[in-house]
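Have a look at the structure below, then the notes.
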Amino acid sequence: MRKIYIFDTTLRDGEQSPGVNLNTREKVEIAHQLEKLGIDRMEAGFPAASPGDLAAVNAVAKAVKNSTVIGLSRAREQDIDAVREALKGAQDPCIHIFLATSPIHRQHKLRMEKAQVLETARSAIRYGLKYLPKVEFSLEDAGRTELDFVVEMVTMAVQEGASVVNIPDTVGYLTPYEYGNIFKHIKENVVDVDKIQLSAHCHNDLGMATANTLAAILNGADQIEGTINGIGERAGNTAIEEIAMALETRQEFFQAKTSLQLSEISRTSRLVSRLTGMVVPGNKAIVGANAFAHESGIHQDGMLKEKTTYEIMTPESIGLKESKLVLGKHSGRHAFRERLIELGYELSEEELNRAFGQFKDLADKKKEVSDDDILALLEEKLADTPEVFTLKTMFVTFGNETTPSAKVSLVNEEGQVIETEAEGNGSVDAIYNAIDEASGESVVLSDYSIKSVTHGKDALGEVHVVLTQNGLSVQGRGVSTDILEASARAYVDALNGLIDKRKNYSNRVDYNS
Ligand code: KIV
Ligand code: ZN
């Protein structure tokens, strides 16, 4: 079995999804989970984008012990210097330098001839290798580049000493046959190709990212790049969990495997979804809520007789456990802690006290508290954005023949209580108007969604919002048995995130500029 190296770019290409903006703490939290998942290499960001991005990559570099940490760089010395700085303290640093190679990009974006592209990339790889032990070089838009120029570029990268050469289908344009053929062609035509690892990097514009990546593996790719839940620019990147489970489930066909800890897939997916605010669609392969649900009578009957009739992989293999009814209002702190450990959370005393208090409040409102309820509460609380504002109280009036109004009190960082009252065209609108007035922030609500965590009329409601201010978008999440309270909590959470990100990520440079 050939080992396929997994390069995760959730924290870089994934973070380029519209509305996603991870702060340093969130990046480090995801990086730790990626380590648990057994990711070989992780791209932590684009340090030249802003001092905030550089600091976030540096925090990841210092926190991660068992994976290679990578910083993205254009083929420019100042970008390479930023990556050098950001990767200080990394156990196994690597720089990822890219330059576009396709005729469209050469002509319209770079305004460079082939020879200039070749020499610019050569100088950048040389400069990178002066300061960092490993360079991965990417031919941006390789998928639309002349095959002979691809060979020329890869040959140059081999000669200059790059460790990995990446062949991105940047715009998700190719079919599996065409993409696989590029790898075959490189393998057959680049002298000393075995000195490097070849990497596949696909986008999902035509829904073919996973198929294309698998075609690359069949044609000799040593590494694949992707994101958790397939998040990323436009239609997203290859979903790592799909590749991992395809190789696992069809081992004999692919004759290749990853070293991922597959039972961490579900938890990683949840975390990325929570911190990015990108809800995983129910029918998403592997990690969607319905991926292992059997609805039709015929399927259920088959499953009862023999699971393999309709199940090609088990939910347990990705770490999904049946949600159990756990504790009630008489359960003690010890039982609660034990249950959390079983769920994979080891909390500090302070976090445990806070979570236990929350659990008790919930158990007072809800007869039966399940694992999913506990996880929802816990995950809301573990998001540790500094709380500039906290929601203290709220009072809402609604009648179908009156104008809804809300009275809200927030506590600010100085401990002052700010009380406001506002009307709106609905209860949520009234609450949000009151919070806007109390916080003094002017924001646009770009997205609002609500779902129930479990079943039943007393289920917890989970609200996600996206707030936008001057081009910066931030998501927030709130959980409560009352959907109006969950709505208010999500809004305040997003406001706190926005204030935090405004400090760290202003004047960000786009890597394609
Ligand atoms: O899709 C792409 O081409 C990229 C490069 C920066 C590698 O993400
Ligand atoms: Zn990409």
Side-chain angles (χ1 to χ4, degrees), residues 2-9 12 40-44 46-48 57 61 64 67-101 106 110 112 114-142 145 147-168 170 182-201 216 219-225 511:
R2 231 157 38 91
K3 164 160 167 142
I4 302 299
Y5 288 81
I6 305 293
F7 175 120
D8 178 280
T9 182
R12 198 277 299 171
D40 300 292
R41 297 156 186 172
M42 66 176 88
E43 185 164 55
F46 172 46
V57 175
V64 167
S67 310
T68 305
V69 178
I70 297 164
L72 182 71
S73 166
R74 290 168 295 190
R76 300 181 188 181
E77 291 191 359
Q78 75 268 28
D79 279 26
I80 297 171
D81 291 340
V83 173
R84 273 168 72 186
E85 188 63 30
L87 294 185
K88 277 187 183 151
Q91 297 275 334
D92 187 20
C94 173
I95 183 165
H96 178 190
I97 301 173
F98 75 97
L99 188 61
T101 52
R106 290 195 315 258
L110 300 175
M112 282 185 191
K114 281 183 185 169
Q116 276 176 289
V117 170
L118 193 83
E119 289 317 313
T120 306
R122 188 194 301 282
S123 312
I125 296 173
R126 279 189 192 166
Y127 187 76
L129 278 174
K130 266 205 231 167
Y131 302 105
L132 287 137
K134 286 185 219 156
V135 169
E136 166 167 333
F137 178 70
S138 279
L139 291 70
E140 192 190 11
D141 204 18
T145 301
L147 268 183
D148 56 349
F149 191 47
V150 169
V151 168
E152 222 181 311
M153 290 293 294
V154 178
T155 305
M156 174 278 298
V158 173
Q159 286 166 352
E160 293 304 326
S163 318
V164 179
V165 178
N166 182 33
I167 309 296
T170 303
I182 301 179
F183 286 77
K184 184 164 178 279
H185 191 81
I186 294 172
K187 286 271 176 192
E188 288 170 354
N189 291 282
V190 171
V191 177
D192 286 336
V193 70
D194 294 337
K195 287 190 175 159
I196 52 151
Q197 289 191 341
L198 274 183
S199 180
H201 177 116
N219 285 281
D222 308 281
Q223 170 179 286
I224 69 98
E225 305 190 2
Y511 82 84

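Heavy-atom basis, side chains included; hydrogens, waters and symmetry copies ignored.
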(request) Please examine the side chains of Val69 and Leu87, heavy atoms only from C-beta on, and report whether any two atoms are closer than 4.5 Å. (result) yes

(request) State which residues pass salt bridge (charged side-chain N to carboxylate O under 4.0 Å, His left out) with Glu160; sequence neighbours excluded, sorted by chain then number. (result) Arg122, Arg126

(message) Can you confirm whether Met112 sits close enough to Thr120 that some side-chain heavy atom of one is under 4.5 Å from a side-chain heavy atom of the other?
(response) yes

(message) Restricting to non-hydrogen atoms, name the atom on Ile182 and the atom on Ala142 that form the minimum distance, rounded to 0.1 Å.
(response) CD1-O, 4.4 Å

(message) To check you understand the geometry: which heavy-atom pair defines the closest contact between Leu129 and Ala162, and what is its length?
(response) CD1-N, 4.4 Å

(request) Over all heavy atoms of both residues, which pair between Pro93 and Pro133 is shortest? Give the atoms and the distance, please. (result) O-CG, 3.7 Å

(message) Please check: side-chain N/O of Arg2 versus main-chain N/O of Ala221, any donor-acceptor pairing under 3.5 Å?
(response) yes

(request) Give the minimum heavy-atom separation between Thr68 and Cys94, together with the two atoms involved. (result) CG2-CB, 3.7 Å

(request) Please determine which of Leu99, Thr101, Thr170 meets the side chain to side chain contact (heavy atoms under 4.5 Å, CB included) test together with Asp141. (result) Thr170

(request) Hey, could you give me the CZ/CD1 distance between Phe137 and Ile95, rounded to the nearest 0.5 Å? (result) 11.5 Å

(request) Kindly indicate, with the supporting measurements, whether the criterion side chain to side chain contact (heavy atoms under 4.5 Å, CB included) is fulfilled by Leu132 and Arg84. (result) CA-CA 7 Å; Leu132 287 137; Arg84 273 168 72 186; 4.0 Å; yes

(request) Tell me yes or no: between the side chains of Glu225 and Thr9, is some donor less than 3.5 Å from an acceptor? (result) no

(message) Quick check for you: to the nearest 0.5 Å, what is the distance between Arg106 atom CZ and Thr145 atom OG1?
(response) 7.0 Å

(request) Evaluate the side chain to side chain contact (heavy atoms under 4.5 Å, CB included) criterion for residues Ile167 and His201: first the C-alpha distance (whole Å), next the side-chain angles of each, then the deciding distance (0.1 Å), finally the verdict. (result) CA-CA 6 Å; Ile167 309 296; His201 177 116; over 6 Å; no

(message) I'd like to know if the side chain of Arg41 pairs up with that of Gln223 as donor and acceptor (distance under 3.5 Å, no hydrogens or angles considered).
(response) yes

(request) For Lys195, look at atom NZ and say whether over 12 heavy atoms of other residues, nucleotides or ligands are found less than 6.0 Å away. (result) no

(request) Output all residues satisfying salt bridge (charged side-chain N to carboxylate O under 4.0 Å, His left out) with Asp222, sequence neighbours left out; order by chain, then residue number. (result) none

(request) Please say whether the positively charged group of Lys187, taken as NZ for Lys or CZ for Arg, lies over the ring of Phe183, i.e. under 6.0 angstrom from the six-membered ring centre and within 45 degrees of the axis. (result) no

(request) Would you give the length of the straight line joining atom CD of Gln78 to atom OG of Ser73, rounded to the nearest 0.5 angstrom? (result) 8.5 Å

(request) Decide ring-ring contact (aromatic ring centres under 6.0 Å, His included) for Phe7 and His96; before the verdict, give the C-alpha distance in whole Å, the side-chain angles of both, and the deciding distance to 0.1 Å. (result) CA-CA 11 Å; Phe7 175 120; His96 178 190; 5.8 Å; yes

(message) If I compare all heavy atoms of Leu118 with all of Glu152, which pair ends up nearest, and what's the gap?
(response) CD1-O, 3.9 Å

(message) Taking the side chain as everything from C-beta on, heavy atoms only, tell me whether Ile186 gets closer than 4.5 Å to Val193.
(response) yes

(request) Please report the C-alpha distance between Val165 and Leu139 in whole Å, then the side-chain angles of each, then the deciding distance to 0.1 Å, and finally whether the side chain to side chain contact (heavy atoms under 4.5 Å, CB included) criterion is met. (result) CA-CA 8 Å; Val165 178; Leu139 291 70; 3.6 Å; yes

(request) Kindly indicate whether the side chain of Met156, heavy atoms from C-beta on, has any atom under 4.5 Å from the side chain of Ile125. (result) yes

(message) Whether Arg76 and Asp79 form a salt bridge (side-chain N of Lys/Arg under 4.0 Å from carboxylate O of Asp/Glu) is what I want to check.
(response) no

(request) Supply the atom-to-atom distance Ile80 CD1 to Ile97 CD1, rounded to the nearest 0.5 angstrom. (result) 4.0 Å

(request) Nearest 0.5 Å please: distance from the CZ atom of Phe149 over to the OG1 atom of Thr155. (result) 11.0 Å

(request) Evaluate side chain to side chain contact (heavy atoms under 4.5 Å, CB included) for Gln159 paired with Val191, printing each intermediate quantity in order. (result) CA-CA 9 Å; Gln159 286 166 352; Val191 177; over 6 Å; no

(message) What I want to check is whether the side chains of Tyr131 and Asp81 have a donor and an acceptor closer together than 3.5 Å.
(response) no

(request) Give, for atom CG of Asn166 and atom CD of Gln197, the distance between the pair rounded to the nearest 0.5 Å. (result) 11.5 Å

